[in-house]
Amino acid sequence: MSPTSETAQGGRRLVIVESPAKAKTIKGYLGPGYVVEASVGHIRDLPNGAAEVPAKYKGESWARLGVNVDADFQPIYVVNHDKKDQVKKLKELLAESDELFLATDEDREGEAIAWHLQEVLKPKVPVRRMVFHEITKDAIREAVANPRELNKKLVDAQETRRILDRLYGYEVSPVLWKKVMPRLSAGRVQSVATRLVVERERERIAFRSAEYWDLTGTFATGRGGDASDPSTFAARLSAVDGRRVAQGRDFGSTGVIKDGSPVLHLDEANARALAAALAETSFAVRSVESKPYRRSPYAPFRTTTLQQEASRKLGFGAKATMQVAQKLYENGFITYMRTDSTTLSETAVQAARAQVTQLYGADYLPDKPRTYAGKVKNAQEAHEAIRPSGDRFRTPAETGLSGDQFRLYELIWKRTVASQMKDAVGNSVTVKIAGRSADGRDAEFSASGKTITFHGFMKAYVEGADDPNAELDDRERRLPQVTEGDALTAEEITADGHATKPPARYTEASLVKELEEREIGRPSTYASIIGTILDRGYVFKKGTALVPSFLSFAVVNLLEKHFGRLVDYDFTASMEEDLDRIARGEAQAVPWLRRFYFGEGSEGVAGGAADAGNGDGDHLGGLKELVTDLGAIDAREVSSFPVGDGIVLRVGRYGPYVERGEKDSEGHQRADVPDDLPPDELTVEHAEELLAKPSGDFELGTDPVSGNPVIARDGRYGPYVTEVLPEGTPKTGKNAVKPRTASLFKSMALDTVTLDDALKLMSLPRVVGKDAEGVEITAQNGRYGPYLKKGTDSRSLETEDQLFTITLDEALAIYAQPKQRGRAAAKPPLKELGTDPVSERPVVVKDGRFGPYVTDGETNATLRRDDDVETITPERGYELLAEKRAKGPAKKTAKKAPAKKATAKKATAKKTATKATAAKKTAAKKTTAAKKTTTAKKTAAAKKTAAAPAE
DNA sequence: CAGTGAGCGAGCTTCCGCTTGACTT
């Protein structure tokens with residue numbers, strides 16, 4: 001089976017790995033006769049959208065999914081657009097080779113990539129699967145000498161995973177579009193990640209703080225001290241008359257002492273009284289307890305731990321960490337950075353040990369190399385731990401690196417070296433001090449310290465803590481050398497108040513850690529998971545904290561109520577078990593998918609992630625059933641959250657708002673809630689404030705004529721100005737007075753519009769004059785821009801300025817012209833494409849509301865994403881038209897369509913605005929508005945500016 | 001969520017995981 005060295009010398013072999021950087025390294029190890037090239041990741045995948053679905057499947061009901069759910073979930077694969085060139089290159093290289101080695105990673109995805117390569121390249125020469133877990137000369141040579149066969153079962157497991165993710169994502173996301181907001185998304189990973197963040201916020205909202213007090217005493221030994229024997233030290237009150245004093249951990253999340261705990265809860269008065277009663281007390285050491293301390297080094301980095309430490313020590317976000325690591329990897333400074341393994345190769349262990357001896361001395365080197373057992377449950381261990389590359393580690397100084405790359409390398413280097421050093425050992429000491437108060441109570445204080453007698457690995461590396469206030473476990477704290485019975489004097493005794501704090505929000509790093517522990521996501525995706533939930537507007541960053549939006553509350557609420565099993569925290573872990581069974585040949589992919597998608601009763605495997613339903617009773621409905629009948633999902637209900645006092649927070653298509661009372665009823669109130677208001681800050685009081693003064697208003701001044709205040713705000717149809725009528729003005733009924741309102745011109749923005757502008761705008765419509773028949777002509781600003789109106793006859797104006805300047809003669813001249821039927825019709829076609837072979841009509845490309853489209857005057861078809869006005873050929877035009885004709889005229893609820901369109905469009909604009917806002921927060925505070933700035937964008941930016949004038 | 005008039009082609013959004021450049025801001 002294995003190729004002998006004789007045959008190796010003869011032919012030429014093509015070795016395909018996943019990463020170009022890896023290809024480069026391996027090339028050097030294999031020498032002549034081997035051509036090493038990269039696949040650059042996956043080369044084929046399910047079609048992304050309709051545009052990528054091959055023509056022959058278009059029109060199939062399942063084409064949208066890219067998986068034929070009616071035929072054993074047969075997937076449609078297409079070569080990724082950006083991989084076409086690479087595939088071509090691989091084909092060419094293969095044509096010149098006598099043997100093909102598929103050397104992709106040895107994990108589920110790698111096996112699948114190998115299989116796809118085989119399917120696409122269709123090799124006519126012998127194919128071998130070769131695997132290695134570390135990139136060292138020996139490992140590579142051994143891998144070449146010991147190839148194996150492709151593991152089709154493992155490929156099946158990957159394909160099942162892929163299909164499940166597609167079905168989940170592409171079936172559940174549209175539910176959110178219909179019930180919450182367009183363009184939202186749901187997925188096995190992102191939805192659980194979002195749920196974690198939401199659930200933490202719920203805990204924070206429900207949290208009730210508790211106040212508790214204690215005393216801190218500063219005690220003196222009466223000796224002159226030094227660093228190893230300080231003369232004074234601080235100790236905290238730990239017990240009174242033998243009863244332990246309550247600390248933060250004794251309180252539950254409701255703000256009361258946990259059940260049945262006999263602790264003494266001190267309030268401020270009690271604490272101060274006790275402090276006073278201890279003022280004259282003489283103290284003595286009651287006990288000294290010393291315990292040995294031992295700490296082992298941390299395992300070498302894997303992706304998640306690197307992200308966590310880079311966040312804590314260097315302040316990098318997950319994405320930044322991976323980008324810097326990628327550069328280090330590409331330039332040969334470190335091993336692969338997307339790994340779930342903490343294993344070091346033999347070479348690496350030797351290199352680390354050599355460096356320990358050289359830098360710290362043999363005393364710091366353990367007798368045997370240290371090994372670290374995998375802690376990650378679903379680890380696939382295709383790579384080594386992240387470490388400095390090579391068989392001799394370069395010290396940071398030797399690398400010549402600088403900036404972030406230097407800092408990250410140094411972190412990796414230190415951690416790797418430290419992982420092969422001895423334990424740190426020392427003592428931890430607890431000293432208890434006692435004294436009797438003036439009123440006869442026994443007060444016990446306690447202090448603990450730690451001395452390190454041998455630093456071991458700490459010489460090289462100390463891990464950072466998530467909570468900067470928490471005392472580092474590794475840090476030393478020295479207490480004076482006291483013994484039982486020693487007299488101490490209290491220099492000062494102070495009463496300190498404390499409050500329990502709600503659980504901290506997730507940070508990027510802590511969320512990634514949580515996901516890894518729950519087996520959700522993979523090393524290559526952790527950073528992008530954060531990116532996805534940020535992009536969707538499910539979370540936003542406040543400092544380093546990830547704060548869920550109200551939108552995410554609505555989405556998670558819907559998913560929990562109607563897709564409970566899918567957002568169960570164990571869903572992925574359970575799926576992984578099932579996939580492992582498929583990989584071992586103990587389960588079949590198709591029945592498993594059938595059960596997931598079509599539900600129980602459609603032949604299936606027992607238990608596991610294939611139970612898609614919400615777990616109600618015994619019936620386990622399939623995903624298909626859940627997304628088909630949406631009548632049970634009350635959109636209003638899932639996006640409503642009571643705030644208290646009759647106020648409800650709702651998540652609407654245009655963002656969150658608070659509301660009191662029913663619409664159109666007496667006392668109905670409604671106000672926008674800023675997109676970036678942390679949900680736990682929306683108290684009843686805050687909601688009342690918002691209702692009292694709708695947010696987003698720009699007060700422009702007072703109309704000198706009416707005396708009414710004039711404000712600018714963002715509305716349903718974009719930014720507008722309006723006057724605030726005095727209290728008591730009837731708003732409904734016969735005598736209703738409507739405030740004058742007017743949309744801003746396109747050239748204006750909410751944050752820059754002036755009172756003069758507003759007054760001018762509100763003076764519209766302007767009467768231009770009357771025509772010969774005495775019909776009044778007015779100039780108005782409308783949805784489609786400035787226009788003239790005479791009865792029911794309206795004509796567009798070219799500029800907004802004309803509204804104020806156009807004369808009657810000019811207006812009459814416009815009306816003398818025949819009416820233009822729409823502005824689009826007036827525009828010349830962008831391109832002519834000759835005559836359509838079917839309709840025999842001339843085909844042209846036009847620019848419409850939805851972008852460029854081809855038309856023969858009868859059938860219209862929008863250009864697809866890959867089409868371009870400049871390069872489109874007549875043939876492609878005919879093809880698009882033919883496709884369109886085949887599909888037949890799209891006739892839906894034609895009447896309702898316009899309103900719906902406007903809504904959807906608007907929502908999109910706002911969505912973009914949210915994004916722009918988020919981007920603005922992270923990036924510099926430049927005015928990035930630039931050319932394409934929509935009105936909505938400007939509005940959002942304006943809101944932000946208004947909210948934070950300190951900038 | 002304010003309410004102002006015409007005429008008109010829908011198509012697409014979305015998942016997770018594997019990899020880098022090629023793009024623009």
Side-chain angles (χ1 to χ4, degrees), chain A residues 18-21 38-43 45-46 48-51 64-65 80 82-83 86 104-105 107-110 112-113 158 161-162 164-174 176-177 182-191 326 330 338 521-525 528-529 532 536 652-655 657 659 663 670-672 694 713-718 720 722 738-739 741-743 764-765 780-784 787 789 792-796 819-825 846 848-851 853-855 859-862 864-865 884 889-890 897-898 901 904 908 919 923 926 928 930:
Chain A
E18 290 181 37
S19 150
S39 73
V40 199
H42 272 291
I43 54 156
D45 193 12
L46 302 175
N48 223 334
R64 171 181 79 76
L65 300 170
N80 299 2
D82 56 340
K83 297 292 163 56
Q86 192 63 19
T104 50
D105 297 347
D107 55 20
R108 207 161 60 206
E109 297 298 327
I113 293 173
Q158 189 277 343
R161 197 275 312 152
R162 180 69 191 90
L164 175 130
D165 282 331
R166 167 53 63 90
L167 295 175
Y168 185 143
Y170 273 37
E171 290 286 29
V172 180
S173 297
L176 299 180
W177 305 343
R183 286 169 186 274
L184 295 179
S185 61
R188 174 175 58 81
V189 171
Q190 60 167 292
S191 293
Q326 175 87 27
E330 282 171 12
R338 291 184 276 260
R522 301 283 311 140
S524 67
T525 61
S528 61
I529 294 166
T532 300
R536 295 284 169 274
R653 302 223 135 200
Y654 317 107
Y657 60 96
E659 190 171 44
K663 195 166 182 267
R670 202 211 283 270
D672 267 339
R713 64 161 69 134
D714 200 16
R716 169 74 182 71
Y717 301 108
Y720 69 104
T722 187
K738 292 208 165 166
T741 61
S743 286
L764 293 171
Q780 312 193 22
N781 187 32
R783 186 177 162 199
Y784 307 103
Y787 68 104
K789 185 176 152 110
T792 57
D793 193 4
S794 62
R795 303 294 169 91
S796 286
K819 189 177 168 86
Q820 294 282 328
R821 288 184 56 83
R823 275 182 291 174
K846 287 187 171 183
R849 271 202 317 187
F850 307 114
Y853 64 103
V854 287
T855 178
T859 309
N860 303 310
T862 306
R864 300 299 151 81
R865 214 175 20 197
K884 188 67 199 301
K901 271 177 207 165
T908 314
K926 262 187 284 178
T928 48

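As the structure is a computational prediction, the values presented were derived from the model and not from experiment. Letters A, B, ... mirror the listed sequences (proteins, then strands); counts begin at 1.
Contact annotation: A:R161 side-chain N/O to B:dC15 OP1/OP2 distance is not under 4.0 Å. Within the 4.0 Å cut-off from OP1 or OP2 of B:dT20, at least one side-chain nitrogen or oxygen of A:R338 is found. Close to B:dG17, at under 4.0 Å from its OP1 or OP2, lies no side-chain N or O of A:Q158. Side-chain N/O atoms of A:R188 include none lying less than 4.0 angstrom from OP1 or OP2 on B:dT14. Taking only side-chain nitrogens and oxygens, A:S19 never comes nearer than 4.0 Å to OP1 or OP2 of B:dC18. An OP1 or OP2 oxygen of B:dG17 is reached within less than 4.0 angstrom by a side-chain nitrogen or oxygen of A:T525. Proximity of A:R162 to the phosphate of B:dC15: no side-chain N or O atom is located under 4.0 Å from OP1 or OP2. At the phosphate of B:dC18, OP1 or OP2 sits under 4.0 Å from a side-chain N or O atom of A:S524.
By the 5.5 Å and 30° criteria, A:W177 is stacked with the base of B:dT13. By the stacking rule of 5.5 Å between ring centres and under 30° between planes, A:Y720 stacks on the base of B:dA2.
Picking from B:dC18, B:dG9, B:dT4 the nucleotide with the shortest atom distance to the side chain of A:Y853 gives B:dG9. Counting only heavy atoms from C-beta on, A:N860 has its side chain closest to B:dG9 among B:dA2, B:dT19, B:dG9. The side chain of A:T862 lies closest to B:dG11 when the candidates are B:dG11, B:dC15, B:dT20. Side-chain proximity of A:V189 to B:dG11, B:dG17, B:dT20: nearest is B:dG17. Side chain of A:I113, nearest nucleotide from B:dC18, B:dT14, B:dT19: B:dC18. For A:D165, counting side-chain heavy atoms from C-beta on, the closest listed nucleotide (B:dC16, B:dC1, B:dT19) is B:dC16. Nearest nucleotide to the A:A50 side chain, out of B:dC16, B:dT14, B:dC12: B:dC12.
Applying the 3.5 Å distance criterion, the base of B:dC15 shares a donor-acceptor pair with the side chain of A:N48. Between the side chain of A:R522 and the base of B:dC16 there is no donor-acceptor pair of N/O atoms closer than 3.5 Å.
Nucleic acid contact class of A:Q190 (heavy atoms, under 4.0 Å, all strands): sugar-phosphate only. Residue A:T855 is classed as having no contact, given no heavy-atom separation below 4.0 Å to the nucleic acid. Among the heavy atoms of the strands lying under 4.0 Å from A:D45 is at least one base atom, whether or not backbone atoms are also near. Here A:Q780 lies out of heavy-atom contact (under 4.0 Å) with every strand. Across all strands shown, A:A38 has no heavy atoms under 4.0 Å from either base or sugar-phosphate atoms. A:G110 comes within 4.0 angstrom of nothing in the nucleic acid, heavy atoms only. At the heavy-atom level, A:G187 lies under 4.0 Å from the strands shown only through sugar-phosphate atoms. Residue contacts for A:Y168: at a heavy-atom cut-off of 4.0 Å it reaches no nucleic acid atom on any strand shown. A:P765 comes within 4.0 angstrom of no nucleic acid atom, judged by non-hydrogen atoms across all strands. Among the protein residues, A:S173 comes within range of the nucleic acid bases, having at least one heavy atom under 4.0 Å from a base atom.
Distance, A:E330 CD to B:dT20 C1': 7 Å, rounded to whole Å. Rounding to whole angstrom units, CG of residue A:L65 and C1' of B:dC15 are separated by 11 Å. Atom CG of A:L176 is separated from atom C1' of B:dC15 by 12 Å (rounded to the nearest Å).
Considering only heavy atoms from C-beta on, A:P174 comes within 4.5 Å of A:R64 through its side chain. Proximity of A:P182 to A:R653: side-chain heavy atoms (C-beta onward) are separated by under 4.5 Å at one or more points.
In this structure, CZ on A:R536 lies 9.5 Å from CZ on A:R183, to the nearest 0.5 angstrom. Atom OG1 of A:T741 is separated from atom CG of A:L764 by 11.0 Å, given to the nearest 0.5 angstrom. The CG atom of A:D45 lies 6.5 Å from the CZ atom of A:R166; values are rounded to the nearest 0.5 Å.
Salt-bridge formation is not detected for the pair A:R162/A:E109: no Lys NZ or Arg NE/NH1/NH2 atom is positioned less than 4.0 Å from an Asp or Glu carboxylate oxygen.
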A:E171 and A:L65: side-chain contact (heavy atoms from CB on, under 4.5 Å), yes or no, with the steps?
-> CA-CA 8 Å; A:E171 290 286 29; A:L65 300 170; 3.7 Å; yes
